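Working notes, structure below.
A, B, ... follow the sequence lines: proteins, then strands. Residue 1 opens every chain. Since the structure is predicted, the reported quantities are computational estimates derived from the model, not experimental observations.
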2 protein chains.
Amino acid sequence: MENRAISQAVIKRLPRYMRYLTEMRARGVVRISSQELSEQMKVTASQIRQDLNLFGGFGQQGYGYNVENLIHEIGSILGLDQSHDIIVIGAGNLGRALAGYANFENRGLYIRALFDIAPENTVSQVRGLPVYSMDALPEYLRNNRVDIAVLTIPKTAALAVAQTLYNNGVRGFWNFAHLDLELPADAYVENVHLSDSLMQLTYRLKHQ
Amino acid sequence: MENRAISQAVIKRLPRYMRYLTEMRARGVVRISSQELSEQMKVTASQIRQDLNLFGGFGQQGYGYNVENLIHEIGSILGLDQSHDIIVIGAGNLGRALAGYANFENRGLYIRALFDIAPENTVSQVRGLPVYSMDALPEYLRNNRVDIAVLTIPKTAALAVAQTLYNNGVRGFWNFAHLDLELPADAYVENVHLSDSLMQLTYRLKHQ
DNA sequence: TTTTCTTTGTCAATCCTTTGACAATGTTGA
DNA sequence: TCAACATTGTCAAAGGATTGACAAAGAAAA
């Protein structure tokens, strides 16, 4: 696709554009100028135009951007034009919460199964999704495509499980365990540290 | 405390320092140089020294930093030296997952209660925490201190609930609803958009 | 003690990101 | 069809963040 290096800052903003545009489309908005969008999103119009232009000119002088088209383009940039098969490791509250996200499927993100070490969790089902024992993981990986594994397990278990997944071809990791996962360079790990974000809040409560 | 403006970038890094240092302390590490820490955290030593110096000199030339002391100092910067009373609005899987975080209490973060609109959820209990009906919220707020409200409710309900909370004195909001909450300037809102982070992962899977 | 070594705190240079400005271009209305 | 208008795409300037370098300060060793 594009060849210039896109900065992390820009990539982080794309899903946010997506959210606002999808919201607008739901309200029946057909076209939008960078100026209007910037007012709603509380960013500069210049930044929006600059960001979008990194990927090609999606707008039209004198007109603005077509909302539907822009959603399509940004979705394609984000890889949401192709479907992703996802499994969740750890069927605790967090794992079940993520597996239950209703909107993922609209974006081609399909949760296929959950895995858990505790027998009590392997009996029931979440949203009709199968919950398997961890023992069944290697075999599952041999027989099923998995693009992304969501890790909602304790940090003590995370690295070993991630390595098993990696060795069986999984390259996308959405990690909620409390450590920064380190895997070979061809694996893509998104570490989510929820408590880090809470601490930013306590910082601001104290200082502002 | 300090008077210079601290950039958002720095504040985001503080909890990460905290994590690595706590981990080290658990392994019995007593002192650490910015050089060693930088190697483990994969950042530059210069950045660590620069960050810490914004808040005062916690190190000692020729020695480095005392791990215990540094944890204490960063904790204080982050406001973890004072206790925070927290309630969770929405007792679904996500709300229960956050209410169940074991490590919060070590940091002075006390989850006091959950609230939910659905009767089925108000009967049971999470970790011994009371789960109240949403109707009971205004009265609870009149009788109890609440520093932070965690919102794990649908975006359609989020703004109205947040305004009720704000009007009853709550100023900290950890928002998981799929919208950017807008409240008066003296409220501190930390918006967490989990699906945004997943999309960064799909971006990288597609492009790298 | 004294010397050598280590490592911080800090400054300036570099690098990256954001913003403002405007020519180019297509839209809209007459 | 043409003139007036709106808005993009893009460039350069301004603003922030990160890095490298080194003097100052204390630790460790002799």
Tabulated below should be each protein N or O lying under 3.5 Å from an N or O of nucleotides 10-12 of chain C; please produce it.
| residue | atom | partner | partner atom | Å |
| --- | --- | --- | --- | --- |
| C:dT10 | OP2 | B:Asn53 | ND2 | 3.0 |

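Not counting sequence neighbours, the partners of B:Ser33 by the side-chain hydrogen bond (donor to acceptor under 3.5 Å, both in side chains) test are B:Glu36. With sequence neighbours left out, B:Tyr140 forms a side-chain hydrogen bond (donor to acceptor under 3.5 Å, both in side chains) with no residue at all. Residues passing the side-chain hydrogen bond (donor to acceptor under 3.5 Å, both in side chains) test with B:Ser38, sequence neighbours excluded: none. Qualifying side-chain contact (heavy atoms from CB on, under 4.5 Å) partners for B:Asp180, counting only residues two or more places apart in sequence or in other chains: A:Arg16, A:Arg19, A:Tyr20, B:Asn191, B:His193. A:Glu105 meets the side-chain hydrogen bond (donor to acceptor under 3.5 Å, both in side chains) test with no other residue; sequence neighbours excluded.
Judged by distance alone, with hydrogens and angles left aside, the side-chain atoms of A:Thr164 form no donor-acceptor pair with the main-chain N or O of A:Pro138 at under 3.5 Å. Side-chain N or O atoms of B:Arg112 include none that pairs as donor or acceptor with a backbone N or O of B:Ile86 at under 3.5 Å.
Taking atom CG of residue B:Leu54 and atom C1' of nucleotide C:dT8, one finds them 14 Å apart after rounding to whole Å. Atom P of nucleotide D:dG9 and atom CG of A:Asp51 are separated by 12 Å, given to the nearest angstrom. When rounded to the nearest whole Å, the span between OH of B:Tyr63 and P of C:dT4 equals 25 Å. Protein atom CG of A:Asn66 is 13 Å distant from nucleotide atom P of D:dT8, rounded to whole Å.
For the residue pair A:Ala91 and A:Val131, the shortest heavy atom distance occurs at CB-CG1, 4.0 Å. B:Ser34 and B:Ile48 make their closest contact through O-CD1, 3.8 Å (heavy atoms, listed as atom of the first residue, atom of the second, distance).
Residues in residues 153-171 of chain B take part in these salt bridge (Lys or Arg N to Asp or Glu O under 4.0 Å) pairs, two or more places apart or across chains: A:Glu23-B:Lys155, B:Arg171-B:Asp186. Each side-chain hydrogen bond (donor to acceptor under 3.5 Å, both in side chains) pair with one or both residues in residues 57-74 of chain A, not counting sequence neighbours, appears once here: A:Arg25-A:Glu68. Every pair passing ring pair (Phe, Tyr, Trp, His ring centres under 6.0 Å) that includes a residue from residues 142-184 of chain B is listed here, sequence neighbours excluded: A:Tyr101-B:His178, B:Trp174-B:Phe176.
Helix bend of the helix from C:dT1-D:dA30 to C:dA30-D:dT1: the angle between its two end axes, each built from five pairs, comes to 30° after rounding to 10°.
A donor-acceptor contact under 3.5 Å links the side chain of B:Gln61 to the base of C:dT8.
A:Asp51 and A:Tyr17 are linked by a side-chain donor-acceptor pair at a separation below 3.5 angstrom, with hydrogens and angles left out of the test.
Contact check of residues 7-24 of chain B against DNA chain D (heavy atom, cut-off under 4.0 Å) returns B:Ser7, B:Arg13. Non-hydrogen atoms lying under 4.0 Å from DNA chain D are contributed by A:Arg31, A:Ser33, A:Ser34, all within residues 31-43 of chain A.
Between B:Tyr65 and A:Gln47, it is B:Tyr65 whose nearest contact on DNA chain C lies nearer the 5' terminus.
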